[in-house]
Undergrad: 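Pasting in a structure now, in structure tokens, and then I'll have a few things to ask.
The first residue of the sequence shown is numbered 1, and numbering continues consecutively from there.
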Amino acid sequence: LTAEDNVLIKLYADAITAGSKDAKYEIAGYADKGTGSSATNQKVSQKRADAVYNALVAEGVDPAQLVKSSYGGVENMFFNQASLSRVTIIGK
């Protein structure tokens, strides 16, 4: 994770810990379909989800509130740019 990523992680962690303790959040890792094999993309998307999950837990988020998912390689998700599909999305 970059320094900028860590700032966002801190903001997300603060929001999650300030919210309802019953709320659950999905940490969803993705990779772009055009790069790498299906197996590689699955591993990469899992690593992305793991990195964000671990960073949120390190910031004090209760692991019971988090669910990790990895979706492997996907079609372009944003603005028809493959690089924007190499992402982790936090959703409630």
Side-chain angles (χ1 to χ4, degrees):
L1 297 171
T2 67
E4 292 85 3
D5 294 334
N6 286 320
V7 169
L8 291 173
I9 292 291
K10 175 73 172 129
L11 291 171
Y12 274 109
D14 289 348
I16 292 170
T17 56
S20 170
K21 302 303 179 208
D22 293 328
K24 302 282 186 200
Y25 299 86
E26 179 185 26
I27 312 304
Y30 297 88
D32 76 274
K33 192 173 187 175
T35 304
S37 69
S38 182
T40 297
N41 285 336
Q42 187 60 40
K43 288 178 188 174
V44 168
S45 66
Q46 182 64 52
K47 283 184 171 187
R48 288 186 174 125
D50 289 343
V52 172
Y53 174 93
N54 291 335
L56 286 169
V57 170
E59 288 292 336
V61 174
D62 181 354
Q65 287 188 270
L66 304 175
V67 176
K68 289 186 287 183
S69 302
S70 55
Y71 293 99
V74 296
E75 295 294 335
N76 293 344
M77 295 169 54
F78 305 104
F79 308 109
N80 203 29
Q81 291 184 10
S83 63
L84 297 179
S85 296
R86 300 174 201 143
V87 66
T88 303
I89 297 174
I90 301 170
K92 189 172 178 182

Undergrad: Please report the closest heavy-atom contact between Ala49 and Lys68, naming both atoms and the distance.
TA: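 Nearest heavy atoms, Ala49 then Lys68: O-CD, 4.1 Å.
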Undergrad: For a quick test of reading the model, state the closest non-hydrogen atom pair linking Ser85 to Glu75 and the distance between them.
TA: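 Looking at all heavy atoms of both residues, the shortest contact is OG-O, 3.5 Å.
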Undergrad: Is Val67 reachable from Val52 through a run of hydrophobic residues whose side-chain heavy atoms are each under 4.5 Å from the next?
TA: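 Val52 and Val67: separate clusters.
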Undergrad: Hydrophobic clusters here meaning ILVMFWY residues chained together by side-chain heavy-atom distances under 4.5 Å, can you tell me if Val61 and Leu1 are in one?
TA: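 As far as the 4.5 Å side-chain criterion goes, Leu1 and Val61 are connected within one cluster.
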Undergrad: What distance separates Ile89 CD1 from Tyr30 OH, expressed to the nearest 0.5 Å?
TA: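 So the gap between those two atoms works out to 5.0 Å.
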Undergrad: Write down the atom of Gly72, the atom of Ser45, and the distance for their closest heavy-atom approach.
TA: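 In terms of heavy atoms, the two residues are closest at N-OG, 2.9 Å.
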Undergrad: Going hydrophobic residue to hydrophobic residue with side-chain gaps under 4.5 angstrom, can you get from Val74 over to Leu84?
TA: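 Yes.
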Undergrad: Over all heavy atoms of both residues, which pair between Ala82 and Asp32 is shortest? Give the atoms and the distance, please.
TA: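 That would be O-CB, 3.3 Å.
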Undergrad: Going by distance alone, is a donor N or O of one side chain under 3.5 Å from an acceptor N or O of the other, for Ser38 and Asn41?
TA: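 Side chains of Ser38 and Asn41: no pair found under 3.5 Å.
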Undergrad: Would you find more than 12 non-hydrogen atoms of other residues, nucleotides or ligands less than 6.0 Å from Lys92 atom NZ?
TA: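 Counting other residues, nucleotides and ligands, NZ of Lys92 stays at 12 neighbours or fewer.
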Undergrad: Flag yes if more than 12 heavy atoms outside Tyr25 fall under 6.0 Å of its OH atom; otherwise flag no.
TA: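 Result for OH/Tyr25: enclosed.
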Undergrad: May I ask whether Val87 and Val44 are part of the same hydrophobic cluster, defined by side-chain heavy atoms of I, L, V, M, F, W, Y residues being less than 4.5 angstrom apart, directly or through others?
TA: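 Different clusters.
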Undergrad: For a quick test of reading the model, state the closest non-hydrogen atom pair linking Tyr71 to Ala28 and the distance between them.
TA: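 Distance-wise, the nearest heavy atoms are CE1-CB, 3.6 Å.
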Undergrad: Give the cluster check for Leu66 versus Ile9: same hydrophobic cluster or not, with ILVMFWY residues linked at side-chain heavy-atom distances below 4.5 Å.
TA: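 Same cluster: Leu66 reaches Ile9 through Ile, Leu, Val, Met, Phe, Trp or Tyr contacts under 4.5 Å.
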Undergrad: Applying the side-chain contact (heavy atoms from CB on, under 4.5 Å) test to Lys10, which of Asp14, Val7, Asn6 qualifies?
TA: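 Passing option: Asp14.
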Undergrad: Would you indicate whether Lys47, at its atom NZ, is surrounded by more than 12 heavy atoms from other residues, nucleotides or ligands within a distance under 6.0 Å?
TA: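 Count not over threshold, so no.
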Undergrad: Identify the heavy atoms of Gly29 and Arg48 that sit nearest to each other, and give their distance.
TA: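 Taking every non-hydrogen atom into account, CA-CB, 4.4 Å.
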